[in-house]
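For reference, the structure discussed in these notes is given below.
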Amino acid sequence: MRRVFGELIVIGLLIGAFLPAFGQLGGATHIAFQATLVPPDARAGEGAQIVLTAKIDPGYHLYSLTQPEGGPVRTTITMPAGGPFAFVGKAVQPPFRSVFDPGFQITDQEYEGAVAFGIPVKLRSGIAGAQKALIEVHYQLCTDRNCLIPTTVSVPLSFHVAPGPPRPDHLQPITSVPPQPTGAATGSPPSTTMEQTAASPPISDSTRRSIALAEHRGLLSFLLLSMGAGFLALLTPCVFPMVPITVSFFSKRRQRKTWEGIRDALAYCFGIIATFTFLGVAAAVLFKATGIRAIANNPFVNLALAVLFIALGINLMGGFEIALPAGLANRFAAGAQKAGVLGPFFMGLTFTLTTFTCTVAFVGTLLAAAAEGDLFYPIVGMLGFSVAFALPFFLLALFPQYVARLPHSGSWLTTVKAYLGFVELAAAVKFLSNADLVWSLGWLTRPVFLAIWAAIALIAGCYLMGWLLLPHDTTAMVGKVRRGFGLLTLVACVYLYAGINHAPLGTLAAFLPPDPYPGQAEMERGGLNWLHSYTEALALAKQENRPVFVNFTGVNCTNCRDMEQNVFPRPEVAAELRKFVLVELYTDRDREEDRQNARLLQKLAGVATLPTYVVVGPDGRVRAVLQDRRPPQVFLRFLEANER
C-alpha cells in the first residue's frame, strides 16, 4: 500500500510541476510590453511618467484600464514596493474602442495594434546613477473567437538618474496621455449596438462564454463549473451500462483487507480521470474540436453504439449472458488478482472510452480552447470534470463489499438491472436516430421515435407492476417502491404518446429528431416558413428589403432542437422571426451541401459551433451573430435589435 500511495504522490507532484508550464502557453505570446521613463533626464525628487507600450499581434485585442467588471479582464498596472520611485495618481490611457459584447451583455473597451499607457511617478530623493525597476502588468488578450487566460508579466525598466538637485518646474508628475505608437487603433466608433458583430463576431458560444467568465473570476470558479458538468454527464445514457458492470466487477474481486478495496476503487477512478484528461488534450491537438464532433456524428459509430446498447439491454433483462470463454475468463480473473491495481485501472479506461461520445458536448468545448494553444484551463477543466464524473463510481466500487452482507439484496438488484435494460434500449433508439438523420433515411421520424419510446415505457411499466415476467424472474413480488416507479413509467408512456399528437414535450423535445424531418424542399414549423438555400434567401431579402435570419443547425445538435422546438414557436419570438427571411442550414452531415453550409458558417460568423444564428442585411453584410442556446428573453432582444 505504501508503494501505491508513493506512486500516486509522485504522479501528483509531476502534474503540479507541469501544469504551471502549460499555463504559460496562453498569455506569454501575442503581445510585447516595453517600459521607458519620461523625461529621460529626470533627477531625484522630480516628477516623471512611466510610459508602458504594448504591441499587440494582429487579430488580438487588449482591454482598457477601466474595462467593466463581469467580462474579460481589465488591464492592471502595479509596481512592487521599495522601488526607485512611487506612483502618484492614476494611470492614464488613450481613447478606447467600445464594442458591445452580447455574451456578457456589457460594452467592452478594447485596444488593437499598439497602445501606450502613462503612469505618473515621482523619483525618490537620494537615488543616483543607473536604476532598475519592475512593472507588473495583469491583462487578458482575446480574439474574435476566444480568449486567452489572464496573465501577469513583469516588465523591466532601466533608466539613469540625472545629477543635480530637483528643478522647481519638474516637481509635478506628468499626467497627460503619452503619444501613441505607430499602429495604434484606438477611439470609440459611433455605435455600440449588436450590429458591430458584423465586423467582430462574439468570442464564442454561451458555453465558452461561461468558461471565459469562470476563468475571469478565478480558477476555483472554473473548476466548479467543470465539476458541475461532470455531474450532469452522469445523466447521459452512455453511463447506465457501467453501473451494473461496475457492481459486478468489484463484487467478484477478493480483497483480503479493507484498504485493498479502497486501493482498487481509487485505481478504477484514476483510470477514468487519467484517460479523460489524456484523451481530451490529445484529441484537441490531433483532431481539434471539429474532428471530435465529426467522430461523434459518424453514423457507423452511432450504429455500433446502438448494437452495443441493445445487446447490453437484453443481457440485463436476462435474455442471455454475455461471458468470455471459460478458459479466457479464468485467465482474466487470475490476472486481475495478480495485477493488483492494473485490473481496476483498465476497467476505468474502458469506462471512459464507452462514455466519451455522450460526454463530447462539454469535452468538445474544452478541446476547442486547447486547440487555440491554451492548455492550462482545458487540463484543469478535464480534471474537474472527470473527478466529479468518477466520484459516484468510486462509491459503487466500495459498495459491493457491503451489499453482500445485506439480506435479500438480490431481488431488488435484479429488478434494477432489468429496468436499466429498458433504459439502454431507449438509448439505442437515440443512436439509431443519429445515424438515420445523417443518412437522411427518414425511417425514424419524430412520431416513429416517440412511438418506440412509448412502447418501451409501456413494457417497462408493466414489468415493474408485475404484469410481465422476464426470463430471470421466478415470481412477481411487487413492493410499494417498485409499484410507484411502475406507475411513473406508465405515466411517461402516456406523456410520450401525447407527443406523437404534437403535445408540448418541453426539454425532452431537444433529444428528438427534428420535426418536420430534414431534407424537405419547404419547411413549415410553428407557423414559420424556412428556406434551405442561402442564395435563394438573400435574393428574396433584396427583393423584399428584409434582413435574413440564418439558423445554422445540425441533425444531431441537442441545443439546436431545444431552441427550434421550445423557443422559436413562442408567440412573441415567432412574431419577430416573421419580420426576417428565414433560412435553415444543416452543417453536420457527411454531404457536400452540409460542407458548403459549414464553410458559409465559418465565413459569416468565424466559428464552427452549433447552433449559430446570423442576421444578414439585404446588402449581404453581416449585422449580428448569436451562438448556442439562449433564454427566450435574450433571443428576443437579439431579434428586436436587428429586425431593420
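The first residue of the sequence shown is numbered 1, and numbering continues consecutively from there. Note that this is a predicted model, so its numbers are computed, not measured.
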Short question: side chain of [X], backbone of [Y] - any donor-acceptor pair under 3.5 Å?
X: Q180; Y: A116; value: yes
X: R124; Y: G83; value: yes
X: Q131; Y: A128; value: yes
X: Q93; Y: L65; value: yes
X: T75; Y: Y63; value: yes
X: R43; Y: P166; value: no

Closest approach of [X] to [Y] (non-hydrogen atoms, all atoms of both residues):
X: A541; Y: V548; value: CB-CG2, 3.3 Å
X: L171; Y: G45; value: CD2-O, 4.0 Å
X: Q49; Y: S176; value: NE2-O, 2.8 Å
X: L157; Y: L37; value: CD1-N, 4.0 Å
X: G384; Y: M227; value: O-CG, 3.3 Å
X: V177; Y: V92; value: CA-CG2, 4.0 Å

Geometric class of the F568/F635 ring pair [parallel <30°, tilted 30-60°, perpendicular >60°]:
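Rings of F635 and F568: parallel, under 30°.
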From [X] [atom1] over to [Y] [atom2], what is the distance, rounded to the nearest 0.5 angstrom?
X: E112; Y: L62; atom1: CD; atom2: CG; value: 10.5 Å
X: L601; Y: T612; atom1: CG; atom2: OG1; value: 5.0 Å
X: K122; Y: Q172; atom1: NZ; atom2: CD; value: 7.0 Å
X: D588; Y: L610; atom1: CG; atom2: CG; value: 6.5 Å
X: S158; Y: K132; atom1: OG; atom2: NZ; value: 5.5 Å
X: R595; Y: L600; atom1: CZ; atom2: CG; value: 15.5 Å

Counting C-beta onward and ignoring hydrogens, is there a side-chain heavy-atom pair between [X] and [Y] closer than 4.5 Å?
X: F580; Y: L639; value: yes
X: T53; Y: V51; value: yes
X: P68; Y: Q109; value: yes
X: I77; Y: I135; value: yes
X: I273; Y: L383; value: yes
X: Y613; Y: V615; value: no

Among R630, R570, E576, which residue satisfies the side chain to side chain contact (heavy atoms under 4.5 Å, CB included) criterion with L636?
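One option only clears the test, and that one is E576.
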Note: R637-E640 ion pair, threshold 4.0 Å (strictly below):
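A salt bridge is absent here (no side-chain N lies under 4.0 Å from a carboxylate O).
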More than 12 non-hydrogen atoms from neighbouring residues, nucleotides or ligands closer than 6.0 Å to NZ on K55, yes or no?
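No - once you tally the heavy atoms of other residues, nucleotides and ligands closer than 6.0 Å, there are 12 at most.
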What verdict does the side-chain contact (heavy atoms from CB on, under 4.5 Å) test give for D108 and Q67, after you've listed the backbone C-alpha separation in whole Å, the side-chain angles of each residue and the deciding distance to 0.1 Å?
CA-CA 6 Å; D108 290 331; Q67 164 75 6; 2.8 Å; yes
Show your working on side-chain contact (heavy atoms from CB on, under 4.5 Å) between E46 and D41 and close with a plain yes or no.
CA-CA 10 Å; E46 291 185 348; D41 62 344; over 6 Å; no
Take Y139 and V153, measure what side-chain contact (heavy atoms from CB on, under 4.5 Å) needs, and give me the verdict at the end.
CA-CA 9 Å; Y139 68 96; V153 296; 3.9 Å; yes
Given ring-ring contact (aromatic ring centres under 6.0 Å, His included), test Y111 with F117 step by step and report yes or no.
CA-CA 11 Å; Y111 297 107; F117 301 103; 5.8 Å; yes
From CA spacing to verdict: side-chain contact (heavy atoms from CB on, under 4.5 Å), F85, I119:
CA-CA 11 Å; F85 38 61; I119 303 99; over 6 Å; no
Could you work out, with ring pair (Phe, Tyr, Trp, His ring centres under 6.0 Å) as the rule, every residue matching F552, not counting sequence neighbours?
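Here no residue qualifies.
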